[in-house]
Colleague: 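Below you will find the structure I want to go over with you.
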Amino acid sequence: MHIHFRTGPMLINVLPFTSIAFQGAVPFGNTFVTEADDVVRYRREILVHAHKGFNPIMSIMLVNKTTPEIVEESFLAGARVLKWIPGGTSTNSKDGVSLLDMKKYYPVFAKAESLGMIVSVHWEAILNFASGKEIPMLYREEAAIQFFVQLATDFPGLKIVAEHITTKEMVKTVEILYGMGCNVAATITSHHPVLTYSDVCDADGNVINPLNYCLPIAKLDQDRLAIRKAMVSGKPYNFYGGDSAPHPIFWKSLKLLKGKSPRAGIFSAPVEIPQQLETFEKEGALDKFEDFHSVFGPQFYGIPLSQETLTVKKETWRVPYEYEGIPIFRGGEELSWQIA
Ligand code: NCD
Ligand code: ZN
Ligand code: ZN
């Protein structure tokens, strides 16, 4: 329920191969899909390169110019999701609406609610709004929770997905809001259950392993454990959203970057399913995998369940380092499951 195919040559490289294991997906166009025409164009681009029968659930991005009219036109053009990456919090998000301006966009959220559109949010706050100081990456998701609670309680009928959740506080928040009758859910990636902050950064907060670097950044071990528990919980509000985010090797190589910051985003598509299976197996919960992976997401989105099946086998393989110049998450490591 959360993937990045990009556009142009990158899409041509990753889409056929990424879409093969999925009957459908929610591709996020980051900033380049913001209105109805973009939805039509991007959908066409995806369908040209995906396998036959692939069903993209289209989204538009909440940006400063977004109006209720744009939301409605985009819905009529096929968009089912309004994606909100608050300004500057992640890759290609500089035109995103600031959390502080959330209330100005209430007419937009009201329109989404009346259309039954899903609002998918990258919940991170970069600035401490009282002091104006930058919040360290480790605490940004937690700092955004107050905005999530406000939006969910002001719009109890609005379907809101907290995307790629990373903290025990966020796991708890989704559970509480759901318990209160809010229409909320969370997506969980395949990488956050296997990473902690020390796999990404040194003690001074410098990224030492760009391959493990995505936003929100992996947190502490207690958070990782909470995410794993949520993943295998069998609760319908926790479902899969892999956030596979390909970046060319230049942006992931400290050597080539010579001091420039690496780009956030993990290209996980080639390992997502084996990696999830490893987590479910280690948690003794393989019987919960199918609901998490293929059922709860489509149910929340209100789309038909896939009638296709995918065969996996327990057989060790070594993950290649790269695919068409895009470094692959866990490249060089062994995984114990594979797609047959
Ligand atoms: C994503 C990307 O590269 O587009 N990056 C990331 O670190 N997760 C954007 C996003 O989902 O925030
Ligand atoms: Zn995001
Ligand atoms: Zn993403």
Side-chain angles (χ1 to χ4, degrees), residues 1-8 10-11 13-15 18 22 25-34 42 46 56-63 81-99 118-126 137-138 140-145 147-148 160-167 170 185-195 197 199-201 207 209-219 227 239-252 257 261-269 272 297 326-329:
M1 310 311 286
H2 180 150
I3 196 159
H4 302 271
F5 294 139
R6 315 302 188 200
T7 186
M10 176 65 103
L11 176 142
N13 270 340
V14 300
L15 175 58
T18 306
F22 299 93
V26 182
F28 287 129
N30 297 42
T31 47
F32 59 84
V33 184
T34 59
Y42 194 41
I46 289 169
I57 313 298
M58 302 308 290
S59 65
I60 56 162
M61 183 90 167
L62 178 69
V63 287
V81 186
L82 178 64
K83 174 75 195 289
W84 184 16
I85 305 185
T89 40
S90 192
T91 311
N92 300 326
S93 67
K94 58 185 184 313
D95 301 326
V97 168
S98 158
L99 286 171
I118 285 110
V119 173
S120 296
V121 192
H122 178 120
W123 288 118
E124 281 201 292
I126 295 190
M137 280 190 282
L138 264 177
R140 287 181 186 171
E141 184 175 275
E142 217 182 315
I145 285 179
F147 295 92
F148 179 25
I160 307 170
V161 182
E163 295 295 332
H164 43 41
I165 64 169
T166 60
T167 54
M170 189 55 108
T187 55
I188 297 173
T189 67
S190 67
H191 44 270
H192 286 111
V194 299
L195 289 177
Y197 186 74
D199 297 315
V200 195
C201 290
V207 175
N209 191 343
L211 281 189
N212 294 342
Y213 174 46
C214 68
L215 293 170
I217 204 157
K219 305 295 191 302
I227 296 292
F239 51 80
Y240 188 54
D243 193 18
S244 180
H247 290 286
I249 191 142
F250 174 81
W251 292 105
K252 286 293 190 185
L257 282 167
S261 305
R263 285 220 177 129
I266 289 179
F267 183 45
S268 55
E272 290 180 292
I326 308 153
I328 301 174
F329 184 55

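We number each residue from 1, following the sequence as shown. Order of listing sets the numbers, starting from 1, for every ligand and every atom in it.
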Colleague: Between ligand 1 and L215, is the shortest N or O to N or O distance under 3.5 Å?
Modeller: yes
Colleague: Tell me the closest heavy-atom pair linking I118 and V161, and the distance in Å.
Modeller: CG2-CG2, 3.7 Å
Colleague: By number and element, which atoms of ligand 1 are closer than 4.0 Å to a non-hydrogen atom of H247?
Modeller: 3 (O)
Colleague: Any non-hydrogen side-chain atom of Y213 less than 4.5 Å from a side-chain atom of L195?
Modeller: no
Colleague: May I ask you to test the P248-M10 pair for a side-chain heavy-atom distance under 4.5 Å?
Modeller: yes
Colleague: Do R6 and ligand 1 have an N or O pair less than 3.5 Å apart?
Modeller: yes
Colleague: Between D243 and ligand 1, find which residue part has any heavy-atom pair under 4.0 Å and reply side chain, backbone, both or neither.
Modeller: side chain
Colleague: Do any N or O atoms from the side chain of R140 and from the backbone of P216 form a donor-acceptor pair under 3.5 angstrom?
Modeller: no
Colleague: With E141, which residues qualify under side chain to side chain donor-acceptor pair (under 3.5 Å), at least two apart?
Modeller: T166, T167
Colleague: Using a 4.0 Å cut-off to any heavy atom of H2, which atoms of ligand 1 qualify?
Modeller: 11 (O)
Colleague: Suppose we screen for side chain to side chain donor-acceptor pair (under 3.5 Å). Which residues come up paired with H192, at least two apart in sequence or across chains?
Modeller: T189
Colleague: Provide the closest heavy-atom pair for G29 versus Y42 in the form atom of the first, atom of the second, distance.
Modeller: CA-CE2, 4.0 Å
Colleague: May I ask you to test the F267-V14 pair for a side-chain heavy-atom distance under 4.5 Å?
Modeller: yes
Colleague: Have a look at ligand 1 and work out which part of H191, if any, has a heavy atom under 4.0 Å from it: side chain, backbone, both or neither.
Modeller: neither
Colleague: Is any N or O atom of G265, backbone or side chain, closer than 3.5 Å to an N or O atom of ligand 1?
Modeller: yes
Colleague: What atoms of ligand 1 come closer than 4.0 angstrom to any heavy atom of H164?
Modeller: 11 (O), 12 (O)
Colleague: Mind listing the closest non-hydrogen atom pair of M137 and E124 along with its distance?
Modeller: O-OE2, 4.2 Å
Colleague: Check the Zn ion (ligand 2) and write out every protein N, O or S atom at under 2.8 Å, as residue and atom.
Modeller: H122 ND1, H164 NE2
Colleague: Flag H4 as yes if one of its N/O/S atoms falls below 2.8 Å of the Zn ion (ligand 3), otherwise no.
Modeller: yes
Colleague: As an exercise, identify every atom of ligand 1 less than 4.0 angstrom from a heavy atom of C214.
Modeller: 7 (O)
Colleague: Suppose I only count heavy atoms of A264 and a 4.0 Å limit; which atoms of ligand 1 are within that range?
Modeller: 3 (O), 5 (N), 6 (C), 7 (O)
Colleague: When T187 is tested against each of E163, H164, H2 for side-chain hydrogen bond (donor to acceptor under 3.5 Å, both in side chains), which residue passes?
Modeller: E163
Colleague: Is it the side chain, the backbone, both or neither of E163 that has a heavy atom closer than 4.0 Å to ligand 1?
Modeller: neither
Colleague: If every non-hydrogen atom of G87 is compared with every non-hydrogen atom of I126, which pair is closest and at what distance?
Modeller: O-CD1, 4.4 Å
Colleague: Return the set of residues passing ring pair (Phe, Tyr, Trp, His ring centres under 6.0 Å) with Y240 (not counting sequence neighbours), or none when no residue passes.
Modeller: F292, H293
